[in-house]
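To keep things clear, I will list the structure first and then write my remarks on it.
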Protein chains: 2
Amino acid sequence: MVDPVERRRHLAEAVWRVVRREGLERASVREVAREAGVSMGSLRHYFDDQSELLTFAMRMVIERVEHRVAVLQVPDDPRLAAGRVLAELLPLDPERRAENEVWLAFTARALVDPQLRALRDEAYDLLRNACRRWVRVLLPTGTTEPGVDLETERLFALLDGLAVHAAMRPEQSSAEGLLAVLHHHLDQITASPRPAPEGLL
Amino acid sequence: MVDPVERRRHLAEAVWRVVRREGLERASVREVAREAGVSMGSLRHYFDDQSELLTFAMRMVIERVEHRVAVLQVPDDPRLAAGRVLAELLPLDPERRAENEVWLAFTARALVDPQLRALRDEAYDLLRNACRRWVRVLLPTGTTEPGVDLETERLFALLDGLAVHAAMRPEQSSAEGLLAVLHHHLDQITASPRPAPEGLL
DNA sequence: GCGTTACTAGCACGACTGTGCTAGATACTG
DNA sequence: CAGTATCTAGCACAGTCGTGCTAGTAACGC
């Protein structure tokens, strides 16, 4: 009847809603089935056990972010390109705020769940490498490798810190504020000043 | 027999151990009592219910950090003082790493638990104000208020991001590395003749 | 039509949960 | 010594949990 892949996504979105509303510890098989409007038996036809359901829901966060970055139109200018790509990782709109909150819940559990930890590490290596690439582009040519490492860790930590704060205090954390901090930081690590700003976001 | 305050701290430390080892969702009354080597009934003599036990354990994280900062000997030089105080907030040794991991678990639950959220907000306002104070000292005199806001949010996010990364990837996050990033950042704030950007926050 | 597969529904079991409760042990006051 | 407050221990209840399991329904090839 319905595409089974789409059905799994539908169920994973029910996981997201439960996680945001009541926390990951309340994302039981029963609760998720109820949220999705199906029976436990039906849910378990698509996911063999709870672990598979949760890892799928977590992986979907990664895939959504990857997809958004992949289809991004990036300017030629390095500074502008860095701003655009890295801004995509900030929780600037409701969709990204949802992903961010869910991601936070899963990474917290990853501290004690080896299965989720593997997923988290995979995603964080991607993020770290992305930071490194943009740092390398922005820093003056000839910057030593330790210098690149330092700025990579700083940018990486800044992005995650902003995301964490945005999740915890959404009312204190506007999209404009997040972008202002990001662009200020990128300006400061860029050798040459940013060219004329471009409109959106 | 034993000081009841000390007894509560002892039990809260059992909470910490369980949280670090198995996660906050496994910190049941039974499990904590077992970890502390007492019976459920005995534990419940000191804490009326689970909620009180957990909030006490979370509050103890805040108090430990506050105490460490309070007894700190700070140099007169502002730059050195900022480095010393802010370094105290990083997970540089096993004791602080433990606090950091536990804190992370509690803040994650605070996303869906109003009681813990109040505690978290209280602590984060303290941290933010601390960041603001040191930013104000380090930035050139005459920096506009939006400029202070911007640098405060940046420093605050950087500190939390470093702590989060340290908890998630302890093997990739040495004390030297954390300190290098912090001091590099403080140096750059101090050196920068910051023109006020358009930033609002 | 029949048969096979995909899907849905939900019961049942054993394990674990928080908390109300009673009862025994220990320590201190008089 | 007795009496009382403090502390410890653990049972009992009602609830939720994951998952194994059976049975019923819909869709499809033939």
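First the proteins, then the strands, lettered A, B, ... as listed; each starts at 1. Quick caveat: nothing in here was measured; it's all calculated off a predicted structure.
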Open item on the list: Taking side-chain hydrogen bond (donor to acceptor under 3.5 Å, both in side chains) as the definition, give me every residue that meets it alongside A:Arg34, ordered by chain and number, with sequence neighbours left out.
Closed with: A:Glu31
In whole angstrom, give the distance that lies between atom [atom1] of [X] and atom [atom2] of [N].
X: B:Phe47; N: D:dC7; atom1: CZ; atom2: C1'; result: 15 Å
X: B:His45; N: C:dT26; atom1: NE2; atom2: P; result: 16 Å
X: B:Glu52; N: C:dG18; atom1: CD; atom2: P; result: 15 Å
X: B:Arg7; N: D:dT6; atom1: CZ; atom2: C1'; result: 12 Å
X: B:Leu24; N: C:dG18; atom1: CG; atom2: P; result: 11 Å

- [ ] For DNA chain D, determine which residues of residues 101-118 of chain A have any heavy atom closer than 4.0 angstrom to one of its atoms, and list them numerically.
- [x] none
- [ ] Identify, with sequence neighbours excluded, every residue that meets side-chain contact (heavy atoms from CB on, under 4.5 Å) alongside B:Asp77.
- [x] B:Arg79, B:Leu80
Task: Nucleotide-resolved protein contact map, nucleotides 13-26 of chain D, B/S/- at heavy-atom distance under 4.0 Å - done: ----BBBBB-----
Open item on the list: Strictly below 4.0 Å: does B:Tyr46 bring a side-chain N or O up to OP1 or OP2 of D:dT6?
Closed with: no
In terms of side-chain geometry, is the basic nitrogen of [X] or [Y] positioned less than 4.0 Å from the acidic oxygen of its partner?
X: A:Arg128; Y: A:Glu153; value: yes
X: A:Arg132; Y: A:Glu151; value: no
X: A:Arg64; Y: A:Glu66; value: no

Task: Heavy-atom pair of closest approach, residues A:Leu72 and A:Arg84 - done: CD2-O, 3.8 Å
- [ ] Taking ring pair (Phe, Tyr, Trp, His ring centres under 6.0 Å) as the test, write out the residues that go with A:Phe47, two or more places apart.
- [x] A:Phe56
Open item on the list: Filter on ring pair (Phe, Tyr, Trp, His ring centres under 6.0 Å), then keep only pairs touching residues 138-178 of chain B, sequence neighbours left out; what's left?
Closed with: A:Tyr124-B:His165, A:Phe156-B:His165, A:His165-B:Phe156, B:Tyr124-B:Phe156
